[in-house]
Amino acid sequence: MNARPFIYLDANATEPMRPEARAAITQAWDLAGNPSSVHGAGRAARAALDGARREIAGLFGAEAANIVFTSGGTEACALAVHALSRRDVGDAVPGVVLAGASEHDAILRAEPAPHPVAVTADGCLDSQALERALVALRPTLVCAMLANNETGVINPIPAIAALCHAHGAYLHVDAVQAAGRLFPEIGALGADSMAISAHKFGGPKGIGALVLAGRATRALAPLIAGGGQEQGRRGGTQAVELIVGMAAAARAARAQDWGRIAALRDRFEAQAVAAGAVVCGGGAVRLPNTTCLALPGAAAQTQLIALDLAGVGVSAGSACSSGKVARSHVLAAMGLGELAGQAVRVSLPWSVTEAEMDLAAAAYGAMAHRLGRKVA
Ligand code: PLP
């Protein structure tokens with residue numbers, strides 16, 4: 001008997017590795033040298049690193065010199081908050097940091113701790129609340145995500161950037177969920193820094209970058225000084241193999257037909273709504289692969305388990321590393337009340353098929369019917 005296939009719809013947690021990334025990494029294992037060594041083996045590793053850096057920079061509209069490789073999105077955000085909360089590189093005491101209430105914990109738990117700014121019912125940063133906070137608190141740095149990890153809702157970053165700069169604040173954009181699904185150019189966003197992470201676009205886990213522009217390209221106060229790599233902005237021998245895989249994944253993601261993914265998402269979403277679901281942030285501009293579906297009266301944890309038993313892997317946006325599901329701070333910030341504990345995130349990976357989405361929709365419909373009857 002054939003085992004039932006597992007349908008993976010948790011791409012916002014991590015995308016499956018793209019074959020192009022796997023091939024590039026496999027080849028790079030043969031680079032024996034350290035990219036900081038001056039001999040031939042070191043130079044070969046350096047050439048691979050520089051090539052990947054140029055490619056990633058080009059895809060995100062940055063100068064190669066303004067890419068700082070990190071261990072992922074969390075570290076890239078932590079570095080931005082640490083460095084850009086200081087007006088000058090030598091400042092021992094950081095200034096005030098603001099962040100949208102629906103930001104990821106990579107921002108909300110960074111140091112110094114940001115002051116939360118309200119989001120609208122759609123999940124976008126509330127520009128009036130932001131302006132009031134800019135006037136009252138005179139922050140050094142504002143953090144606004146490009147796309148939300150739970151709802152896929154996209155913030156109007158260019159307008160936010162203009163507002164921040166008019167008040168003399170830097171803008172850091174957490175683009176971890178957007179990068180590779182959209183290809184935001186840092187200049188067009190108007191951001192001073194932008195965090196990206198390879199495993200969200202089909203590259204390896206444990207590698208990401210902080211992309212810098214404008215005033216932020218000055219020397220940064222590093223979080224990790226170490227041996228002065230990355231122009232003194234982030235110490236530690238670069239993970240050349242992972243960086244090469246990240247570049248290959250970004251290139252492949254750029255060639256992806258995201259219209260196909262969006263059409264599959266839209267069809268699934270319509271079927272879920274017909275089964276009783278409410279789309280969280282459905283009125284906003286969103287990522288093509290994400291839908292956040294609340295089922296009134298049904299706990300998110302119950303839905304996760306029911307779908308897992310049916311062979312469909314989704315998540316509640318608020319699942320923490322312990323695997324427990326808490327009420328979503330994102331949906332709570334959007335004013336969704338009880339629904340904040342009753343939503344699951346369905347995020348389609350680049351590799352998903354129409355047949356898989358049909359099976360997933362049937363599983364969702366059956367679950368909604370069963371749980372709906374229990375609730376009624
Ligand atoms: N920012 C957002 C919006 C995310 O969704 C995530 C991961 O889920 C991160 C930051 C952290 O990225 P990483 O897993 O690469 O540390």
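Order of appearance sets the numbers: ligands from 1, and atoms from 1 within every ligand. Here, residue 1 is the first one in the sequence, and each next residue gets the next number. From a predicted model like this one, the values you see are computed outputs, not experimental measurements.
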Do NZ/NE/NH1/NH2 and the carboxylate oxygens of Arg234 and Glu75 come within less than 4.0 Å?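 Looking at Arg234 and Glu75, the cut-off is met.
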Under a 4.0 Å threshold between the charged nitrogen and the carboxylate oxygen, would Asp88 count as salt-bridged to Arg218?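 Answer for the salt bridge query: no.
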Cluster question for you: counting only ILVMFWY and a side-chain heavy-atom cut-off of under 4.5 Å, with indirect links fine, are [X] and [Y] together?
X: Ile107; Y: Val119; answer: no
X: Val173; Y: Leu59; answer: yes
X: Val285; Y: Phe183; answer: yes

Angle class for the Phe201/Phe60 ring planes (parallel below 30°, perpendicular above 60°, tilted otherwise)?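 The arrangement is tilted - the two ring planes meet at 30° to 60°.
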Can you list every pair where an N/O of ligand 1 is under 3.5 Å from an N/O on the protein?
residue: ligand 1; atom: 1 (N); partner: Asp174; partner atom: OD1; Å: 3.3
residue: ligand 1; atom: 1 (N); partner: Asp174; partner atom: OD2; Å: 2.6
residue: ligand 1; atom: 5 (O); partner: Gln177; partner atom: NE2; Å: 2.8
residue: ligand 1; atom: 8 (O); partner: His104; partner atom: NE2; Å: 3.4
residue: ligand 1; atom: 8 (O); partner: Lys200; partner atom: NZ; Å: 2.7
residue: ligand 1; atom: 14 (O); partner: His199; partner atom: NE2; Å: 2.9
residue: ligand 1; atom: 15 (O); partner: Gly73; partner atom: N; Å: 2.8
residue: ligand 1; atom: 15 (O); partner: Ser197; partner atom: OG; Å: 2.6
residue: ligand 1; atom: 15 (O); partner: His199; partner atom: NE2; Å: 3.4
residue: ligand 1; atom: 16 (O); partner: Gly73; partner atom: N; Å: 3.4
residue: ligand 1; atom: 16 (O); partner: Thr74; partner atom: N; Å: 2.9
residue: ligand 1; atom: 16 (O); partner: Thr74; partner atom: OG1; Å: 2.6

